[in-house]
Asker: 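Let me give you the structure first, and then I'll get to my questions.
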Number of protein chains: 2
Amino acid sequence: MSPAAGRRPRADALRNRERLLAEADAVFREHGTDAPLESVARRAGVAIGTLYGHFPTRRALVGALLRERNEALFEAGDTLRDQTPGEALRRWVDLVVTHAATYRGLAAMLADGADDEASELYASCARMADIGERLINRAVTAGVVRADVTGADIFALMNAGAWTREHASAEQAARLVAYTIDGMLKP
Amino acid sequence: MSPAAGRRPRADALRNRERLLAEADAVFREHGTDAPLESVARRAGVAIGTLYGHFPTRRALVGALLRERNEALFEAGDTLRDQTPGEALRRWVDLVVTHAATYRGLAAMLADGADDEASELYASCARMADIGERLINRAVTAGVVRADVTGADIFALMNAGAWTREHASAEQAARLVAYTIDGMLKP
DNA sequence: ACCTGAACACCGTTCAAGT
DNA sequence: ACCTGAACACCGTTCAAGT
């Protein structure tokens with residue numbers, strides 16, 4: 001039971017929360033999202049119980065991180081309206097693939113995160129999927145992309161691309177994504 | 001230190017090895033390749049040390065399993081010579097994607113398995129990559145596929161497809177693979 | 001030559017006791 | 001209201017002792 005319903009949180013609690021997020025970001029960047037939570041707590045200078053008090057699951061912690069870090073990504077996604085429909089789609093997928101690879105293991109969490117609507121991750125997933133869907137609809141309407149391509153296809157491609165980046169290389173992931181998008185274009 | 005250099009293994013050792021492989025197959029099918037090795041040993045009726053004696057790492061155990069189970073897959077790959085180059089490529093990727101998804105978590109092991117040449121998994125990976133490369137070369141020579149598509153692209157596509165099957169659905173994986181191969185075809 | 005299982009290490013998660 | 005850290009559970013891996 002973390003922060004009470006109506007009250008504003010205590011000052012030290014808020015500071016601990018911030019430190020936990022900052023150290024989690026550093027640890028996940030270096031060791032991936034499967035890194036020991038104990039090391040996050042230690043680096044933040046709090047006991048392990050404090051971490052669980054703020055973030056009851058690993059998903060919740062990653063979700064809170066993305067909530068902040070993804071703002072820039074979403075804004076970039078909105079500026080893509082200026083590009084041609086096909087180019088906007090390409091750049092959006094590339095943006096997300098690059099971004100999702102900041103933490104090793106994140107691609108899997110995002111792919112699974114579309115499931116449980118309760119998790120904080122779901123919000124980020126949904127928003128990413130939304131932008132992708134809007135871009136796809138625009139491209140379909142403009143007649144540059146096959147009519148049968150769905151938003152789910154784009155979401156799957158983003159995750160597969162991020163995963164390939166983790167397990168092969170950025171170059172290989174870029175090649176795969178490029179071929180797939182070419183295949184989605186009108187013949 | 002498992003079976004001695006020149007000698008043939010003891011009868012009970014051989015039987016234990018077989019039972020371990022059989023139970024590992026069952027457990028991995030049900031719970032994925034990350035399932036507790038302890039449960040494999042217990043089901044096989046041996047102590048955990050015996051499992052480690054036969055298979056020093058999880059990779060070695062999975063590698064030994066694939067060595068046997070992949071025979072049918074490789075034979076199927078060889079019969080694809082009868083198909084048209086493009087169709088053969090499609091069917092091969094679909095075959096591997098379906099096959100690689102029998103154990104949850106296998107896609108990741110295969111993708112990483114191309115690294116350490118010592119592991120038993122490497123043999124399976126190499127052979128899968130080889131067949132893919134032969135099919136790609138044939139398709140390129142026939143002029144139905146872009147000249148810049150590599151065997152590594154096919155290997156990456158197989159793994160990404162298998163992973164998508166694990167984390168989304170068989171249908172979604174099939175769609176993604178289909179678009180990617182379309183994008184590899186000559187314009 | 002092979003098997004056993006206790007022993008150790010490591011990490012996740014909870015919760016009674018503190019402030 | 002929040003924090004602490006011991007306690008418990010679970011699994012990986014090794015290795016001395018057995019047969």
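Numbered from 1 within each chain, the chains take letters A, B, ... in sequence-line order. From a predicted model like this one, the values you see are computed outputs, not experimental measurements.
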Asker: At under 4.0 Å, does any side-chain N or O of A:His54 touch on OP1 or OP2 of D:dC2?
Answerer: no
Asker: Look at the side chain of B:Thr50 and the backbone N and O of B:Val46, then say whether any donor-acceptor pair between them is shorter than 3.5 Å.
Answerer: no
Asker: Can we say A:Asp130 and A:Arg134 salt-bridge, meaning some charged N sits less than 4.0 Å from an Asp/Glu carboxylate O?
Answerer: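 No, A:Asp130 and A:Arg134 are not salt-bridged.
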Asker: What I want to check is whether the side chains of A:His167 and B:Asn159 have a donor and an acceptor closer together than 3.5 Å.
Answerer: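 No pair is found: no donor N or O on one side chain lies under 3.5 Å from an acceptor on the other.
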Asker: Tell me whether A:Arg43 is salt-bridged to A:Glu38, with the criterion being a basic N under 4.0 Å from an acidic carboxylate O.
Answerer: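 No, no charged N to carboxylate O under 4.0 Å.
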Asker: Can you tell me how far C1' of D:dT4 sits from CG of A:Asp12, to the nearest Å?
Answerer: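 Computing the A:Asp12:CG to D:dT4:C1' distance gives 13 Å.
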Asker: Convert the base pairs of DNA chain C into dot-bracket notation, remembering that pairs crossing earlier ones are written with [ ] and that bases paired across to another strand are shown as |; include only Watson-Crick or G-U pairs under 3.5 Å.
Answerer: ||.|||||...|||||.||
Asker: Tell me: CG of A:Leu51 to P of D:dC2, nearest whole Å?
Answerer: 15 Å
Asker: Is B:Asp25 salt-bridged to B:Arg29, cutoff N-O under 4.0 Å?
Answerer: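 Yes.
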Asker: Please tabulate, for the side chains in residues 141-150 of chain A, all donor-acceptor contacts under 3.5 angstrom to protein atoms that are two or more places apart in sequence or on a different chain.
Answerer:
{"unit_1": "A:Thr141", "atom_1": "OG1", "unit_2": "A:Asn137", "atom_2": "O", "d": "2.7"}
{"unit_1": "A:Arg146", "atom_1": "NE", "unit_2": "A:Gly183", "atom_2": "O", "d": "3.3"}
{"unit_1": "A:Arg146", "atom_1": "NH1", "unit_2": "B:Asp182", "atom_2": "OD2", "d": "3.3"}
{"unit_1": "A:Arg146", "atom_1": "NH2", "unit_2": "A:Gly183", "atom_2": "O", "d": "3.3"}
{"unit_1": "A:Arg146", "atom_1": "NH2", "unit_2": "B:Asp182", "atom_2": "OD2", "d": "2.5"}
{"unit_1": "A:Asp148", "atom_1": "OD1", "unit_2": "B:Tyr179", "atom_2": "OH", "d": "3.2"}
{"unit_1": "A:Thr150", "atom_1": "OG1", "unit_2": "A:Ala152", "atom_2": "N", "d": "3.3"}
{"unit_1": "A:Thr150", "atom_1": "OG1", "unit_2": "A:Asp153", "atom_2": "N", "d": "3.1"}
{"unit_1": "A:Thr150", "atom_1": "OG1", "unit_2": "A:Asp153", "atom_2": "OD2", "d": "3.2"}

Asker: Would you find a donor on one side and an acceptor on the other, under 3.5 Å apart, between the side chain of A:Arg67 and the backbone of A:Ala123?
Answerer: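 It does not hold such a pair.
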Asker: Base, backbone or nothing for each nucleotide of nucleotides 10-17 of chain D, written B, S, -, heavy atoms under 4.0 angstrom, 5' to 3'?
Answerer: -SSBB---
Asker: Just the rounded figure in Å: distance from C1' of D:dC3 to CZ of A:Arg10.
Answerer: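 From A:Arg10 CZ to D:dC3 C1': 8 Å.
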Asker: Classify the ring geometry between A:Phe28 and A:Tyr103 as parallel (under 30°), tilted (30 to 60°) or perpendicular (over 60°).
Answerer: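 Ring orientation of A:Phe28 relative to A:Tyr103: perpendicular.
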Asker: Considering just the side-chain nitrogens and oxygens of B:Asn16, establish if one lies under 4.0 Å of OP1 or OP2 belonging to C:dC2.
Answerer: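 No, because none of the side-chain N or O atoms of B:Asn16 sits under 4.0 Å from OP1 or OP2 of C:dC2.
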